[in-house]
Number of protein chains: 2
Amino acid sequence: MVKTMKGAAMELPLNQIIAGDSIEVMRSLPEASVDLIFADPPYNLQLKADLHRPDNSRVDAVDDEWDQFSSFAAYDTFTREWLAAAKRLLKPHGAIWVIGSYHNVFRLGAELQNQGFWILNDVVWRKSNPMPNFRGKRLTNAHETLIWASKEEASKYTFNYEALKALNEGIQMRSDWVLPICTGHERLKDENGDKAHPTQKPESLLHRVLVGTTNPGDVVLDPFFGTGTTGAVAKMLGREFIGIEREASYRAVAEKRLAKVRKYDSTALEVSRAKRAEPRVPFGQLVERGMLRPGEVLVSQNGKTAKVRADGTLISAEASGSIHQVGAALEGAPSCNGWTYWNFHREGQVVPIDVLRQQIRSEMR
Amino acid sequence: MVKTMKGAAMELPLNQIIAGDSIEVMRSLPEASVDLIFADPPYNLQLKADLHRPDNSRVDAVDDEWDQFSSFAAYDTFTREWLAAAKRLLKPHGAIWVIGSYHNVFRLGAELQNQGFWILNDVVWRKSNPMPNFRGKRLTNAHETLIWASKEEASKYTFNYEALKALNEGIQMRSDWVLPICTGHERLKDENGDKAHPTQKPESLLHRVLVGTTNPGDVVLDPFFGTGTTGAVAKMLGREFIGIEREASYRAVAEKRLAKVRKYDSTALEVSRAKRAEPRVPFGQLVERGMLRPGEVLVSQNGKTAKVRADGTLISAEASGSIHQVGAALEGAPSCNGWTYWNFHREGQVVPIDVLRQQIRSEMR
DNA sequence: TCGTCTTGTGAATCAGTAC
DNA sequence: AGTACTGATTCACAAGACG
C-alpha cells in the first residue's frame, strides 16, 4: 500500500519537469493536490518485445490474433494504472482531459467511465490541415478526440462559460474545435533539424482547454509532458504546472522552451465572468434600503401585477411569496427569474428591478 | 451452440422488416451473408431530472424504456452479444458502422476491438444545428461519432474513394462530416403530429455511408431499424436491406415510409451537399493561435486603443467586450465592425486585423 | 406571391447555496 | 444528509402567421 500524504503536508514540485515513469511519479505525489490533468498518453507502446500479459508472462509474437488481444490487455492495464494514479492526485472538484485517436481513445473513454470519472464532453479537434490519406483506402483522418471528465459525478468542475463564449464571438462554444496542427516555427526541432517530438500538440489547443477549464493559479499536471506544450501555455496563462517525462531528450527540449516563455500581463488574463459569480442580493434589501416602498406595485412585461410587502415578499390576486415564486405562479411556469420578470414605475418610465440590484452590486465593489 | 447455415442454403429475408429482438433475430439468420451492417444502438443516456429551456419550455428528452440499462456492465453485456451476432452475419470482407455519443461510443469502440473487428476510421458527424447547452454548464454537444470497421484486419472492405471525393466537390473526403439533424418534412410524425421516433437519423448521413462503403446490390442490415432511414436510403440507392425492429409502432411507420420510396430519388443527395458559405472566424481564434498575444494593444484609425485579453475580448479605459462592442463604445456608435476598425503593429507597420482573418480563411479552403 | 416576424424544437448524462 | 429556495440559461432552422 502506498503511503499517502495530505495535500499541505508535502510541497508540490511546481513548474518543474520531473524525470521518471508517469505512474511511479504520480504515486509519489500528494493526493488531492491538482486542479486539472491534461494527458496525451502514448498509444503505440512500442514495447512489442517487452509486452506482458496481465499474468506477467511474456508475449513473444504479435502477428496472430491471440497476441492482438493480449496487446489490448496490456494497453488496458497501462491505462488503468495511470488513470488510477491520476485520479488520486485530483482534488475533489478536479477534472481531467485526455486526447487520443481511434486507436486508443475508446479504451481511454471506457476506462474513465469504469473508474467513476464523469464525462462532461467529448471534444473533436478538427484539424484544418491534416495529412491526406495518400493511398485512397480510407477517409482522411482529419481529427483527434479529447475527453473532458470530472473526478466524480458530484464534482463541481471549473467551466468558464463566458470566456469560451467570448472566444467564439458571443456564441456558445461547441464540442467541435477547428484548429490547425502544430507546424512552422511553433514546431520544435532537434539539433539535426528534425521534429523533436512526433505528436507535438498546438498551443492553441491547450490555450482553449486552460482558459475554459482552469482559473489563474490552478495547478495543471501533464503526466506525458513531451516537449511541454501544456507547461508553456500554463505559464503564459498564469497557471502552475507539473510535468512528468521519461525521455531525457524531450525534457531537454521542454526546459529550453519553457525558459523562453513569458507570462501575459494580468489584465490580459482577466476573463469574462458569469453572472453567477456576482454576489447574491436579496430582494428584501431593495425594500429595506427604500429603493422600493412597501405597497408599491410591480408589473411584468405582459401586464401582470403584484404588490411589494414590507418583508420583501410580493402579493398578487393569485399568489404570494418571493419575486420568483409569484412570477412562476402567475405564468404557470416551473420557475421564474423574478429579477428579470418584474418592473417598477419611476417618473413615467417602466424600469426593471434588476437595475436596482446592479446599483447595489456596484456599491459593493 | 447455434446451428449455422451456409450463405446460400437459406433464403435471406431481403427488403423486409423483421419483428423481434435484434440478437435473437441475427442469430437465426445465415452466417456470412451480409455485406454491411449499420447499427444505431441505444445510447444509455442516463438522464435524470427534467431540463427546461430559458423560456421555461420543457425539453422532450429521450426517456424511452429501450434506452435504460441498470449499469455499465449490463450495457457491455448487451453490446458484446449484439456485436458478436452481427460479426457472425458479416461476409469475410464485410464491414460495420456503429453510431453513438460519449455516453456509449467508447464502450462500443472498445468492444469492437475486443472482438477482432478492425477499425478503419472514426467519423465525426458535426451537426450544423445541434441543441444548445441551456444551462451554460458544458460545451454544446454538437456532434456524434460513427465507427467504421471491417470484420477482420484482413478484410478487403469496400471503399468508393472516387464517389466520396465527388460528393465532396473533388476533395478527398475527411473524417468529419457536417450535416444537419433530421427536421422538417423528413422528420416522421405520428398520428398526433409528434415525432414518431426520438432519434431519427438524417438520410444524408446514410447516403454518405452507403455511397462510400457499399456497391449496388449489396445486402445492408440494420439491427436497430427504428423508422427505417437505413432501409429507405438503401432502397433509393439500389442496395438490398434487412431491418430488425422490436417496437411495432416504429415498424408501422417504417413500412409506410418504405412503400413510398423510389429507387434513385435524388432528394437525399441534394441535402447531403455541403452548403457553401464564407466560414465565420471568431476573433478569439487569432489569440488562441498566437497571431495576437494577450496584452497586445490594438489601435483604430483615429488613435483609440484597447488591449487584447486571453479570452478574445478587448479592454479599454471605457469599455470591455468583443472587438465590435468596444469599437462601438469608443465611437459612441450603436454598432461597429471590429474587423475593419482595429489594427495591430508588426515590424513598424500598422496592419488591419482582418488580414489575419483572411489568412485563417485561406487555410480552411 | 413574397418578405418578415413569431413560435416551436432537437440523442442532454445541464445548479448552487442556505438552512 | 436532506430539503427548500434562489435565480441563471439558447442556436439553427423550419413552419406558420401576417401583411
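Per chain, numbering begins at 1; letters A, B, ... match sequence-line order. Atom set for the values below is all heavy atoms of this structure, side chains included, hydrogens, waters and symmetry mates excluded.
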Open item on the list: Taking 4.0 Å as the cut-off, does a side-chain nitrogen or oxygen of Arg187(B) come that near to OP1 or OP2 on dG8(C)?
Closed with: no
Task: Complement of dT9(D), any strand, by Watson-Crick or G-U distances under 3.5 angstrom - done: none
Open item on the list: Need one value for Asp60(B): base, sugar-phosphate or nothing, where a base atom within 4.0 Å counts as base even if backbone is also close, heavy atoms only.
Closed with: sugar-phosphate
Open item on the list: Just to be sure I understand the rule, does Pro282(A) reach a base, reach only the sugar-phosphate, or reach nothing, if contact means heavy atoms closer than 4.0 Å?
Closed with: nothing
Task: Separation of atom CG in Asp176(A) from atom C1' in dC11(D), rounded to whole Å - done: 13 Å
Task: Separation of dT9(D) P from Gln172(A) CD (nearest whole Å) - done: 11 Å
- [ ] Rounded to whole angstrom, note down the C1' distance from dC18(D) over to dT1(C).
- [x] 14 Å
Open item on the list: Counting the atoms with a prime plus P, OP1 and OP2 as sugar-phosphate, which does Ile119(A) contact under 4.0 Å by heavy atoms, base, sugar-phosphate, or nothing?
Closed with: base
- [ ] Using only heavy-atom distances, determine whether the side chains of Gln172(A) and Thr140(B) contain a donor-acceptor pair under 3.5 Å.
- [x] yes
Open item on the list: In whole Å, measure the gap between the C1' atoms of dG7(D) and dC14(C) for me.
Closed with: 15 Å
- [ ] Pick base, sugar-phosphate or nothing for Val105(B), based on heavy-atom distances below 4.0 Å to the nucleic acid.
- [x] nothing
Open item on the list: Using O4'-C1'-N9-C4 for purines and O4'-C1'-N1-C2 for pyrimidines, with syn meaning within 90° of 0, is dT10(D) syn or anti?
Closed with: anti
Task: Lys/Arg-Asp/Glu bridge criterion (N-O < 4.0 Å) met for Lys127(B), Glu144(B) - done: yes
Open item on the list: Can you identify which nucleotide, out of dA11(C), dT13(C), dT6(D), has its nearest atom closest to the Phe72(B) side chain?
Closed with: dT13(C)
Task: Pairing partner of dA15(D) (Watson-Crick or G-U wobble, both distances under 3.5 Å) - done: dT6(C)
TODO: May I have the distance from Arg53(B) (atom CZ) to dC11(D) (atom P), rounded to whole angstrom?
DONE: 13 Å
- [ ] Measure from CE on Met131(B) to P on dA14(D) and round the result to the nearest Å.
- [x] 17 Å
Open item on the list: Within the 4.0 Å heavy-atom criterion, would you say Glu153(A) contacts the bases, only the backbone, or no part of the nucleic acid?
Closed with: nothing
Open item on the list: Under 4.0 Å, heavy atoms only, any strand: does Ala142(B) hit a base, just the sugar-phosphate, or nothing?
Closed with: nothing
TODO: Scan Asn121(A) against the nucleic acid and name what it touches under 4.0 Å (heavy atoms): base, sugar-phosphate only, or nothing.
DONE: nothing
Open item on the list: Does dT6(D) have its OP1 or OP2 closer than 4.0 Å to a side-chain nitrogen or oxygen of Ser322(A)?
Closed with: yes
Open item on the list: What contact category does Lys195(B) fall into here, base, sugar-phosphate, or nothing, at under 4.0 angstrom with non-hydrogen atoms?
Closed with: sugar-phosphate
Open item on the list: Categorize Glu162(A) for me: base, sugar-phosphate, or nothing, with a 4.0 angstrom heavy-atom threshold over every strand shown.
Closed with: sugar-phosphate
- [ ] Would you classify Tyr161(A) as touching base, sugar-phosphate or nothing, given that sugar-phosphate means primed atoms plus P, OP1 and OP2, and contacts are heavy atoms under 4.0 Å?
- [x] sugar-phosphate
Open item on the list: Whole angstroms only, please: what is the CG-P distance between Leu47(B) and dG10(C)?
Closed with: 14 Å
Open item on the list: On DNA chain D, does the nearest nucleotide to Asp354(A) precede the nearest nucleotide to Ile171(A) from the 5' side, or the other way round? Give the residue.
Closed with: Asp354(A)
- [ ] Please determine if Lys48(B) and Glu153(A) form a salt bridge, counting it only when a charged side-chain N lies under 4.0 Å from a carboxylate O.
- [x] yes
- [ ] Answer yes or no: does a side-chain N or O of Tyr75(B) lie under 4.0 Å from OP1 or OP2 of dT13(C)?
- [x] no
Task: Donor/acceptor link under 3.5 angstrom from Trp118(A) side chain onto base of dT13(C) - done: yes
Task: Donor-acceptor pair between Thr313(A) and Arg309(A) side chains, under 3.5 angstrom - done: yes
Task: Asp50(B) CG - dG10(C) P separation (whole Å) - done: 14 Å
Open item on the list: Does dC14(C) have its OP1 or OP2 closer than 4.0 Å to a side-chain nitrogen or oxygen of Asn133(B)?
Closed with: no
- [ ] State which of dA14(D), dC5(D), dT13(C) makes the closest approach to the side chain of His103(B).
- [x] dT13(C)
Open item on the list: Using a 5.5 Å cut-off between ring centres and planes within 30 degrees, is Tyr102(B) stacked on the base of dT13(C)?
Closed with: no
Open item on the list: Looking at Arg135(B) and dT10(D), is any side-chain donor or acceptor paired with a base atom of the opposite kind under 3.5 Å?
Closed with: no
TODO: Please check the phosphate of dA11(C) (OP1 and OP2 only) for any side-chain N or O of Lys201(B) closer than 4.0 Å.
DONE: no
- [ ] Give the rounded distance in Å between these two atoms: CG of Leu164(A) and P of dC11(D).
- [x] 13 Å
Open item on the list: At less than 4.0 Å, is any side-chain N or O atom of His197(B) found next to OP1 or OP2 of dA11(C)? Yes or no.
Closed with: no
Open item on the list: Classify Cys182(B) by what it touches in the nucleic acid, base, sugar-phosphate, or nothing, heavy-atom distance under 4.0 Å.
Closed with: nothing
Open item on the list: Under 4.0 Å, heavy atoms only, any strand: does Arg357(A) hit a base, just the sugar-phosphate, or nothing?
Closed with: sugar-phosphate
Open item on the list: Testing the 3.5 Å rule here: is there a donor-acceptor pair between the side chains of Asn104(B) and Tyr75(B)?
Closed with: yes
Open item on the list: Under a 3.5 Å cut-off for both contacts, is dT13(C) paired Watson-Crick or G-U wobble with anything, and if yes, with which nucleotide?
Closed with: none
Task: Whole-angstrom distance between dA8(D) and dA18(C), as gauged at atom P - done: 14 Å
TODO: Between Asn129(B) and Gly136(B), just flag the one whose closest nucleotide in DNA chain C comes earlier from the 5' side.
DONE: Asn129(B)
- [ ] Assess whether side-chain contact (heavy atoms from CB on, under 4.5 Å) is satisfied between Phe72(B) and Gln46(B), documenting all intermediate values.
- [x] CA-CA 10 Å; Phe72(B) 280 130; Gln46(B) 308 166 63; 3.9 Å; yes
- [ ] Rounded to whole angstrom, note down the C1' distance from dT13(C) over to dC5(D).
- [x] 25 Å
Task: Distance in angstrom units between Glu278(A) CD and dG16(C) P, rounded - done: 16 Å
TODO: Please check the phosphate of dG7(D) (OP1 and OP2 only) for any side-chain N or O of His324(A) closer than 4.0 Å.
DONE: yes
Open item on the list: Quick check for you: among dA12(C), dT17(C), dT10(D), whose closest atom lies nearest to any side-chain atom of Lys156(A)?
Closed with: dT17(C)
Task: C1' spacing across the pair dT7(C) / dT10(D), given as an integer number of angstrom - done: 15 Å
- [ ] Choose from dT13(C), dA15(D), dC11(D) the nucleotide whose nearest atom is closest to any side-chain atom of His185(B).
- [x] dA15(D)
- [ ] Would you confirm whether the ring centroid of His103(B) sits within less than 6.0 angstrom of the ring centroid of Tyr43(B)?
- [x] no
Open item on the list: Before we go on, tell me: are the rings of Trp82(B) and Phe224(B) under 6.0 Å apart, centre to centre?
Closed with: yes
Open item on the list: Would Arg126(B) pass as a cation-pi partner of Trp177(B), given that its NZ or CZ must be under 6.0 Å from the six-membered ring centre and within 45 degrees of the axis?
Closed with: no
Open item on the list: Mind checking if Ser101(B) touches a base, just sugar-phosphate, or nothing, with heavy atoms under 4.0 Å?
Closed with: nothing
- [ ] State which of dT13(C), dC14(C), dG7(D) makes the closest approach to the side chain of Asn337(A).
- [x] dG7(D)
Open item on the list: Whether Arg280(A) contacts dT6(D) is assessed here as follows: a side-chain N or O lying under 4.0 Å from the phosphate OP1 or OP2. Is that the case?
Closed with: no
Open item on the list: What's Ser335(A) touching, base or sugar-phosphate or nothing? Going by heavy atoms closer than 4.0 Å.
Closed with: base
Open item on the list: Here's one to test your reading of the geometry: is the NZ or CZ of Arg357(B) within 45 degrees of the ring axis of Trp339(B) and under 6.0 Å from its centre?
Closed with: yes
Open item on the list: Need to verify one output field. Residue with the more 5' nearest nucleotide on DNA chain D, Pro334(A) or Thr140(B)?
Closed with: Pro334(A)
TODO: Using a cut-off of strictly less than 4.0 Å, decide whether Asn141(B) has a side-chain nitrogen or oxygen near OP1 or OP2 of dT13(C).
DONE: yes
